[in-house]
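Quick notes on the structure that follows.
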Amino acid sequence: MKKRITTLFIAIILLSILITTVFITVIFKTSFYEQAKNNIQSNSKLIALNYNNSNGYDELTTLGLDNLRLTIISTSGNLIFDSGTDIAQADYSLNATEVKSAINTGSGESIHVSDANGYETYYYAIKLSDDNILITSIKLADLYTEYNQAVFTIIIVSLVLILLSGILSILFTKRIVQPIEAMAHNIDEIDKNIPYKELEPFVLSIKNQHLQKIENARIRQEFTANVSHELKTPLTSISGYAEMLENGMAKDEDIADFASKIHNEAGRLISLIGDIIKLSELDTPYSNTDFEIIDLFSLVENTVELLSFNAERASVNISAKGSACLVNGKRDMLEELIYNLCDNAIRYNNKDGSVTVSVFKSEGCPVLRVKDTGIGIPLELHERIFERFYRVDKSRSKETGGTGLGLAIVKHVAIHHNAKIKVVSQVGHGTQIDVIFPPVI
């Protein structure tokens, strides 16, 4: 993290300095060039003002700036004066842009390669009082001498700034990150030492995730212990009865009873293992890409028909109410949810009781309601009934062969379908469980 922040800081500062340096350099070059041209033009006008044929042309050199070359030609093209060391190399032409402009308008300027020295040269021509033309010229390389020195200074300053910025970035990064690193030393109290207000949502999220991991670890540990216990009980019974049969300790009239008990306990084991596998599948990450539009009421009708025999055997009447209602979900999961809710309602019902399974819409949302006339659930246990292996009435569950995982499966299926579960129950007056699905878009 430190390395990334430091790198980001340095990159931003480096980019800023480079952009600023280039911008300043370009602006400075433009300003310097304009200022230099103005100085040359002002100097040329000053020379023209003091020009006097009687004083001699040699005095003109004392009026010029450094590196300037002064040339005077007549309007007929004859060379009158040149401050260069070699007059033969005097650079002038009546066809030059600056000369023609000076003849016509009084002054002119241009940049082109000098015939005399082969360098790019700036020329400024001005018409004198005697109609002769004064040409002031300077090599651009000489013109930019001071500018190049200034640019060199700017580059040196920029490099120093980059170096200082790198050092400061490292120090600032360390100062910023150090309090964050300190929070990691005690994850349990991470929310009590938040160095920056902006980190509060992040820290609270980490805290919640940490607590969730602890809770999940606790649930897994309890689940493992419960599974071991739940598997051990029927296996012990099966092993005991089988041993008695194997050793001939069972009377002839008890053999059928022992075999029935072994069969029942084996069936309980199969149901338990099946529910554990289903929960394991529901715990794995899933995708809703295989969801489809399903008629919830048709699933309810099929489930009610499937459980009608179990309900009749328990002296409970089960019925379905409602009409077609569409939900977006996975068929086998929804079948599992409806089956477990109805099966639970039958198991924990009273003799001659009833189970009513309704499907309807409430505020645009599909609702599955399973209502029974059973033993009811105390208010303080409404949340706990969805825990794995939790049973409100353990003796009743043992008698009916419940695994204690049915409502846990219901909860997981509801979560997968973004559905909400609402429990309304009172001891001795039955239970009503609503599963509210999101509307089909």
Side-chain angles (χ1 to χ4, degrees), residues 219 222-223 225-227 229-230 233-234 237 261 264-265 267-272 274-276 278-279 299-300 303-322 334-360 367-414 419-436:
I219 292 174
E222 289 182 358
F223 180 69
N226 288 329
V227 166
H229 175 73
E230 294 291 334
T233 301
S237 297
K261 289 180 178 178
N264 290 336
E265 293 297 341
R268 184 180 169 191
L269 274 176
I270 292 172
S271 297
L272 180 60
D275 285 346
I276 291 172
K278 289 169 188 171
L279 273 176
L299 298 184
V300 166
T303 303
V304 168
E305 183 179 353
L306 182 66
L307 287 172
S308 60
F309 176 75
N310 291 353
E312 184 179 348
R313 190 171 57 182
S315 298
V316 173
N317 177 56
I318 184 169
S319 61
K321 290 172 57 178
L334 293 175
E335 288 175 341
E336 193 70 33
L337 179 142
I338 299 169
Y339 182 92
N340 280 289
L341 284 175
C342 295
D343 185 58
N344 225 52
I346 294 171
R347 290 178 187 275
Y348 292 91
N349 216 314
N350 296 315
K351 189 175 182 180
D352 298 324
S354 65
V355 176
T356 304
V357 190
S358 306
V359 176
F360 58 93
V367 179
L368 168 68
R369 173 174 292 172
V370 179
K371 186 175 182 179
D372 63 57
T373 57
I375 62 175
I377 305 167
L379 180 62
E380 64 273 13
L381 300 181
H382 283 188
E383 291 295 328
R384 296 205 63 190
I385 61 174
F386 296 100
E387 294 179 9
R388 300 175 184 189
F389 294 111
Y390 186 81
R391 298 178 177 90
V392 176
D393 187 343
K394 295 183 179 179
S395 61
R396 174 73 71 97
S397 180
K398 189 172 182 180
E399 290 175 5
T400 58
T403 64
L405 295 174
L407 291 182
I409 292 173
V410 168
K411 178 183 177 181
H412 278 68
V413 172
K420 298 178 182 178
I421 300 177
K422 182 180 179 182
V423 179
V424 178
S425 184
Q426 188 177 357
V427 177
H429 292 80
T431 301
Q432 174 182 296
I433 297 180
D434 289 352
V435 182
I436 307 166

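Small disclaimer: the values here were computed from a predicted structure and weren't measured.
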Restricting to non-hydrogen atoms, name the atom on Ser425 and the atom on Gly430 that form the minimum distance, rounded to 0.1 Å. OG-O, 3.1 Å
Determine whether Val427 and Ile375 satisfy the following criterion, side chain to side chain contact (heavy atoms under 4.5 Å, CB included), listing intermediate values before the conclusion. CA-CA 6 Å; Val427 177; Ile375 62 175; over 6 Å; no
Expected output: side-chain Asp372 to main-chain Gly374 donor-acceptor under 3.5 Å: yes
CZ (Arg369) and OG1 (Thr356) are apart, to the nearest 0.5 Å, by 10.5 Å
Going from CG on Leu306 to OH on Tyr339, what distance comes out if it is rounded to the nearest 0.5 angstrom? 6.0 Å
Test Val300 against Thr303 for side chain to side chain contact (heavy atoms under 4.5 Å, CB included), laying out the working first. CA-CA 5 Å; Val300 166; Thr303 303; 5.8 Å; no
Can you name the closest pair of heavy atoms from Val435 and Ala419 and give their distance? CG1-CB, 3.9 Å
Tell me every residue that passes side chain to side chain contact (heavy atoms under 4.5 Å, CB included) with Thr373, counting only those two or more places apart in sequence or in another chain. Asn349, Ser354
Between atom OH of Tyr348 and atom OG1 of Thr431, what is the distance when rounded to the nearest 0.5 Å? 11.0 Å
Assess whether side chain to side chain contact (heavy atoms under 4.5 Å, CB included) is satisfied between Ile346 and Ile318, documenting all intermediate values. CA-CA 8 Å; Ile346 294 171; Ile318 184 169; 4.2 Å; yes
Within the distance-only criterion (no hydrogens, no angle test), does the side chain of His412 pair as donor or acceptor with the backbone N or O of Ala408 below 3.5 angstrom? yes
Going through the distances and angles, do Val357 and Lys321 end up as a side chain to side chain contact (heavy atoms under 4.5 Å, CB included)? CA-CA 6 Å; Val357 190; Lys321 290 172 57 178; over 6 Å; no
Distance from Leu299 atom CG to Ile338 atom CD1, nearest 0.5 Å? 4.5 Å
What's the spacing between Asp434 CG and Lys420 NZ if we round to 0.5 Å? 13.0 Å
Side chain to side chain contact (heavy atoms under 4.5 Å, CB included) with Val424: which residues, sequence neighbours excluded? Lys422, Gln432
Under the criterion side-chain contact (heavy atoms from CB on, under 4.5 Å), which of Leu407, Val370, Val355 is the partner of Asn344? Leu407
